[in-house]
Amino acid sequence: MTETSRTSHATTLRPLNADELSTIVGEADAEQRTLALRGGRTHERFQNLGDPTDLELDLTGLDGIVDYSPVDLTLAVEAGVRLATVDQLLAEQGQRIALDVPHRGSATFGGTFACGLSGPRRLRYGALKDMVIGAEVINREGFTTKSGGMVVKNVSGYELARLHYGAHGAFGIVSRLNLKVLPTVESRAEVAATYTTAEAAAEAGAAVLVSTLDPAAVYIVRSAPGQWVLRAQIEGSLQFARVQLQAVGQSLGAPENVEYVGIGGYSTPDFDRVVELREADTLVARVSVPASRQAEALAALDALESATLLADMGSGLVYVRSKDIGPAVASLKALGWPTAYLALPGESADDVDVFGPMDEAGLAVLRRLKDQFDPQRMFNPGRFVAFL
Amino acid sequence: MTITTDQSTVVIDALRAVLGADYVVSDRAGLGVYELDASDEAITGIHRPLAAVLPETTEEVAEVARIAAEHDLPLLARGSGTGLAGGAIATQGGVMVVTTRMNRIVEVNLIDRYAVVQPGVVNLDLSTHLAPQGFYYAPDPSSQRACSIGGNLGNNSGGPHCLKYGVTNNHVLGLEVVLPGGEVCRFGGPSAENPGHDLTGLIVGSEATLGIITSATVRILPLPEEKGVLLATFESMETASRAVSATIADGILPSALEMMDKVTISAIEAGIGAGYPRDAEAVLLVELDGPTQTVGEERERVAEILSEHGAMTLSVAETAEEAELLWWGRKAAFGAMGRLAPNYHLTDTVVPRSKLPEAMQLVAEVASDYDLIIANVFHAGDGNLHPLILFDRKEPGIMERVLDASSVLMQHCIDLGGAISGEHGIGIEKNDALTLMYSDIDFGEMARVKRALDPRDLANPGKVFPSNFDRFGEPLD
C-alpha cells in the first residue's frame with residue numbers, strides 16, 4: 001500500500017481566516033513549497049495518489065458564515081464551513097440547500113465543491129455548481145481573487161467558479177462560496193417499487209422522466225440480486241406530495257411490490273450509503289451512462305453479487321460499490337462506459353487515473369490551464385486529472 | 001488589424017476553397033449585414049470584417065480557424081446578430097464565422113432529457129420542435145424568436161424564466177468547441193458528470209473569446225402540465241417590490257415575476273392597449289408552472305399574498321388564452337417604447353431582490369438628475385433591472401448624457417451589492433464598466449484562462465476584458 005504517500009507531509013497548517021491562508025500560500029509560492037489541501041477528509045480518497053508535499057493545509061479553520069440574507073435567499077460561507085452547520089442555520093429560517101452529500105457534520109463546502117459531488121436530487125435542483133453565484137479563490141501568488149457576486153443572475157466575465165468546481169484545488173484554493181438557497185419543503189417522501197428485472201425498473205423510471213410528474217430524484221437500487229427497486233422522490237407541500245405520490249404510483253407498470261416511504265434528514269440516504277468513501281478496502285465507481293442505457297448496464301453489473309448498485313436515472317450516472325476489487329474493475333472495464341473511481345483501493349490505484357478518460361484535445365487545454373494557474377505544481381501536485 | 005489587398009485575396013481564396021464561393025461573403029454590400037448587431041451603434045460602432053463565412057460543419061469551422069490563424073487574423077462568431085453588448089462586432093476586422101447554416105437539431109433524447117444542437121439553431125425553434133413530444137428548452141431570452149442557441153451560450157443568456165429554471169449555463173451538459181488554432185475539443189456529455197474535468201461551464205459565457213462552439217448538448221424538460229398567470233397593480237413600485245419579496249419568502253418559486261412601471265404602462269397602453277389600468281404606478285405579472293394541482297394551490301396563495309401586500313387590482317387568468325393576454329403587454333413593452341421616444345438605451349443590471357425598493361428610488365433620482373425619462377420593465381424575481389432610458393438621438397449632446405446616466409445606474413447597482421449585467425453580456429459595451437466590479441488581479445485570473453485557450457489573442461479580440469487591461473502582458477507575479 002502506498003496510501004501513506006497521501007499524508008507524507010512534514011507540517012500541517014490550519015489558517016483561521018482568508019488573510020492567513022493568503023499569507024501561507026504567498027510564502028509557499030516564494031519558497032517553492034508544495035501544498036496538500038484538506039477539508040473534512042470525507043472524500044479525500046477521491047484523488048490520484050500524487051506526490052509527497054511539503055505542507056498540509058487544513059482548511060477547516062475557515063469556518064465563518066460571511067453573509068446570509070434569508071429574504072434574498074443567498075448565503076456566503078467560508079470554505080471550511082460544514083454542511084450540517086448550514087443545514088441548521090437555514091432551517092431556523094425555513095430554508096435549505098437541496099444537495100445530496102453524506103457526512104454533513106464533517107464535509108465542508110470547499111471540499112464538496114472541489115470534489116464536485118452531487119446526488120440524485122440534481123434532477124430538480126441542479127448540482128452544487130448550479131447553486132454557486134460567486135466565489136473567492138486564493139491564487140498561487142496568495143492573492144484573493146473573486147468572480148460572480150451575491151446576486152442570482154450575473155454576467156460579468158468568465159465563470160471562473162466553473163473552472164474550480166471539481167478541480168480538487170488544481171487551479172487555486174476556494175476560500176469562499178456564495179450560494180443560492182431554497183425555501184424548505186413540508187414533505188419529503190418516495191415511491192419505492194420493486195421489480196425482478198433492471199429492465200422493468202428502468203422502464204418505469206423512464207415513464208416518470210418523460211411525464212409531467214415533478215420528482216426531485218429518480219433512481220434504481222439493487223436490494224438483492226434480481227431485486228431492483230425504483231425510487232422516485234417527491235418534495236413539496238403535503239398536498240403536492242400526496243397527489244404526486246399517487247400519480248407516480250399509477251405510472252409504474254407491474255411491480256412486485258410498492259411502498260410509500262417518508263425521507264428524513266438533509267441528503268438522500270441510499271446515495272449516502274453508496275458514496276461512503278471512508279472504508280479503506282472498498283471501491284466506489286461512478287459510471288457515466290445515460291438513463292436510457294442503464295438497464296443494460298445494470299444487467300451486466302448484476303454478476304457482481306456482493307456489490308451495491310445505484311443507477312441515478314435523473315443524472316445519467318451508475319454507482320458501483322464493492323469490496324471485490326478485481327472483479328469489479330474487470331466488470332467496469334468490460335462495460336465500456338466512461339468510469340471515474342471515487343475510491344480505488346490497492347496497489348492497482350498507483351497507476352490508474354481515478355478521474356477516468358478525457359477527450360485528448362480537452363486534456364491538452366486542461367494542461368495549458370494548469371501551466372497558467374499553477375506552473376510550479378504547488379497545489380495538490382499529481383492528484384488531479386492526468387496526474388496534474 | 002491591417003492587412004494588404006494581396007493578403008486579403010489569399011485569405012478569401014483559401015476560405016472559398018473550403019466553403020465554396022457562395023458561403024464566403026467579402027464584398028462591401030454583402031458585408032453590410034455583418035457590420036453591426038443589435039447593440040447601440042453609437043456605443044459599439046460599425047466595423048466591417050474582412051470576410052463573413054457560413055460554414056455548415058465543425059470541420060469547416062476548424063478549417064476556417066486554421067486559415068485565420070495562419071494569417072494572424074481575428075476569428076469571430078456571430079449567431080443571429082441579436083446581441084445587445086456588441087459581442088459580435090468586428091472591431092479589429094478578421095474572419096467572422098456566421099452560424100446561420102449550422103442549424104440542425106442533431107439528436108433528441110427524451111428519457112435522458114437532452115438534445116444535441118448546432119449553434120445556429122434558433123432558440124424558439126428547439127422548443128417548437130420538442131413541443132409535440134411534450135418537452136421544451138427552458139432558457140428563453142426575450143429575443144428567442146430570432147436569437148441563436150450559440151449566441152445564448154456565448155452570453156450565458158437569461159430570460160423571464162430563469163427565476164425558477166436558472167440561466168443558460170444551468171442547461172448545458174456538454175460542448176464541442178473549435179479553438180482559435182483549429183483544434184476541436186469536447187467537454188462534458190449527456191450525463192450530469194463525465195470523467196476528466198468538465199470545462200463546459202467555463203466556455204459558456206465567454207463570448208467566443210476562447211473559441212467557437214460548434215455543437216451543444218443541452219438539457220430539455222417536460223412541458224409543465226399547467227401554467228397560471230396573475231396580474232396585480234400597485235400604487236407604488238416600492239409596494240410592488242415588497243410584494244415580490246413576500247411571495248418568494250413564502251416559499252413559492254414562480255416561473256416568472258415581472259414588473260413594469262407607470263412609464264411602461266402608458267407606452268403599452270398607447271401602443272397596443274393591453275388593458276392595464278393607466279393610473280397604476282406598478283404592474284406585477286406572476287407566472288406559476290407545474291402540475292395542475294400545485295399551480296392551483298399556489299395561484300390562490302399568491303393572490304392572498306399580493307392582496308395582503310397592497311395590490312389595488314388583481315386579475316387571475318383562468319385559461320391559456322387569458323394568460324396569453326396578461327403576458328401580451330409585457331412582451332410588447334420594448335416595442336411600445338417607440339410611442340414615447342424614438343430611441344432607448346437599456347441598462348441591464350442586477351441588485352439583490354431585497355434592494356429593489358432602493359434601486360427603484362435611485363433610478364428615479366438618476367432620471368431627475370439627468371433630466372431623462374427612464375422606463376422600468378424588468379425581471380423582479382431575480383432582481384434583474386432593465387431601466388430603459390428614453391431619448392431622441394437627434395438631440396445634440398444627448399448620447400453623452402444617456403451614457404453618463406447609465407454609468408451612474410451601474411455604479412448604484414454595484415453599491416447595492418449587485419452586478420452590471422444580468423443576461424445581456426459584456427462585449428464592448430460594458431468591458432470597461434467591469435472594472436467597477438473587479439480588480440486587476442481578478443482580471444489576471446481571467447487572462448490566465450484566455451492565454452491557455454487562445455495564446456495569440458485571435459478569438460474575438462478586444463471583448464470582455466477592459467480596454468486598458470493588458471491580458472497578454474507578463475503574468476502577474
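All values below were derived from every heavy atom in this structure, side-chain atoms included, with hydrogens, water molecules and symmetry-related copies excluded. Everything numeric in this text was worked out from a predicted model, so none of it was measured. So that the names make sense, note that chain A is the first sequence line, chain B the second, and so on, each numbered from 1.
- Neither the backbone nor the side chain of B:Val177 comes within contact range of chain A, judged by heavy atoms closer than 4.5 Å.
- With a 4.5 Å cut-off on non-hydrogen atoms, A:Leu73 touches chain B through its backbone and its side chain both.
- Using a 4.5 Å cut-off between heavy atoms, A:Thr184 does not touch chain B at all.
- In terms of modelled atom types and a separation under 3.5 Å, the side chain of A:Asn154 and the main chain of B:Gly422 share no donor-acceptor contact.
- Ranked by heavy-atom pairs shorter than 4.5 Å toward chain B, the options A:Leu366, A:Thr144, A:Asp371, A:Val287 are led by A:Leu366.
- The backbone N or O of A:Asp72 lies less than 3.5 Å from a partner atom in the side chain of B:Arg353, making a donor-acceptor pair.
- Considering all non-hydrogen atoms of both residues, A:Gly157 and B:Val464 come closest at CA-CG1, 3.9 Å.
- Of the listed residues A:Gly362, A:Ala386, A:Gly116, A:Gly126, the one with more heavy-atom pairs under 4.5 angstrom with chain B than any other is A:Gly362.
- When heavy atoms are compared at a cutoff of 4.5 Å, B:Thr209 approaches chain A by way of both its backbone and its side chain.
- Here the OG1-CD distance, from A:Thr145 to B:Glu445, works out to 4.0 Å after rounding to the nearest 0.5 Å.
- The shortest distance between side-chain heavy atoms of B:Ile111 and A:Val210 falls below 4.5 Å.
- Heavy-atom distances place the backbone of A:Val289, and not its side chain, under 4.5 Å from chain B.
- No donor-acceptor distance shorter than 3.5 angstrom exists from the side chain of A:Arg162 to the backbone of B:Leu199, with no hydrogens or angles considered.
- Interface remark: A:Arg367 contributes no atoms to any contact with chain B (heavy atom separation under 4.5 Å).
- Using a 4.5 Å cut-off between heavy atoms, B:Leu173 does not touch chain A at all.
- For the atom pair CD (A:Gln239) and OG1 (B:Thr294), the distance works out to 9.0 Å, reported to the nearest 0.5 Å.
- Contacts of A:Phe384 with chain B are made by side-chain atoms alone, with heavy-atom separations under 4.5 Å and no backbone atom involved.
- In this structure, the portions of B:Leu110 lying under 4.5 Å from any heavy atom of chain A include both its backbone and its side chain.
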(request) Using the ring pair (Phe, Tyr, Trp, His ring centres under 6.0 Å) rule, take A:Tyr158 and B:Phe443 through it: C-alpha gap first, then chi angles, then the decisive distance, then the call. (result) CA-CA 9 Å; A:Tyr158 299 161; B:Phe443 290 121; over 10 Å; no
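- In this structure, the side chain of B:Tyr438 engages the main chain of A:Gly148 through a donor-acceptor pair within 3.5 Å.
- The aromatic rings of A:Phe171 and B:His197 sit tilted relative to each other, their planes meeting at an angle between 30° and 60°.
- Of the atoms belonging to B:Phe135, it is side-chain heavy atoms, and not backbone ones, that fall under 4.5 Å from chain A.
- Separating the CG atom in B:Asn156 from the OG atom in A:Ser156 is a distance of 10.0 Å, to the nearest 0.5 Å.
- Looking at A:Asp359, its side chain does come within 3.5 Å of a backbone N or O of B:Arg186 through a donor-acceptor pair.
- For the set B:Asn194, B:Thr292, B:Leu163, the entry with the most heavy-atom pairs within less than 4.5 Å of chain A is B:Asn194.
- For A:Val155, the parts sitting under 4.5 Å from any heavy atom of chain B are the backbone and the side chain alike.
- Within the 4.5 angstrom heavy-atom criterion, no atom of A:Glu360 approaches chain B.
- Using a distance-only test at 3.5 Å, with no hydrogens or angles considered, a donor-acceptor pair links the side chain of A:Lys146 to the main chain of B:Met437.
- Between A:Arg242 and B:Glu297, no side-chain nitrogen of the basic residue sits less than 4.0 Å from a carboxylate oxygen of the acidic one, so the salt-bridge criterion is not met.
- A donor-acceptor distance shorter than 3.5 angstrom exists from the side chain of B:Asp112 to the backbone of A:Ser292, with no hydrogens or angles considered.
- Of the listed residues B:Asn431, B:Asp250, B:Leu210, B:Leu223, the one with more heavy-atom pairs under 4.5 angstrom with chain A than any other is B:Leu210.
- A:Thr212 places no side-chain N or O within 3.5 Å of a backbone atom of B:Glu225 that could act as its donor or acceptor partner.
- With chain A as partner, the option from B:Lys463, B:Gln293, B:Lys430 having the largest number of non-hydrogen pairs under 4.5 angstrom is B:Gln293.
- In terms of non-hydrogen atom pairs under 4.5 Å with chain A, the most contact-rich of B:Ser354, B:Gly251, B:Pro222 is B:Ser354.
- For chain B, no part of A:Thr74 is nearby; none of its heavy atoms comes within less than 4.5 Å.
- When all heavy atoms of A:Val151 and B:Gly418 are compared, the pair lying nearest together is CG1-CA, 3.9 Å.
- Of the two parts of B:Val449, the backbone and the side chain both hold a non-hydrogen atom closer than 4.5 Å to a non-hydrogen atom of chain A.
- Looking at B:Cys162 and A:Lys153, their side chains come closer than 4.5 Å, going by heavy atoms from C-beta outward.
- Contacts between A:Lys129 and chain B at a heavy-atom distance below 4.5 Å involve the side chain alone, from C-beta outward.
- Checking side-chain atoms of A:Ser288 against main-chain N and O of B:Ser191 turns up no donor-acceptor pair under 3.5 Å.
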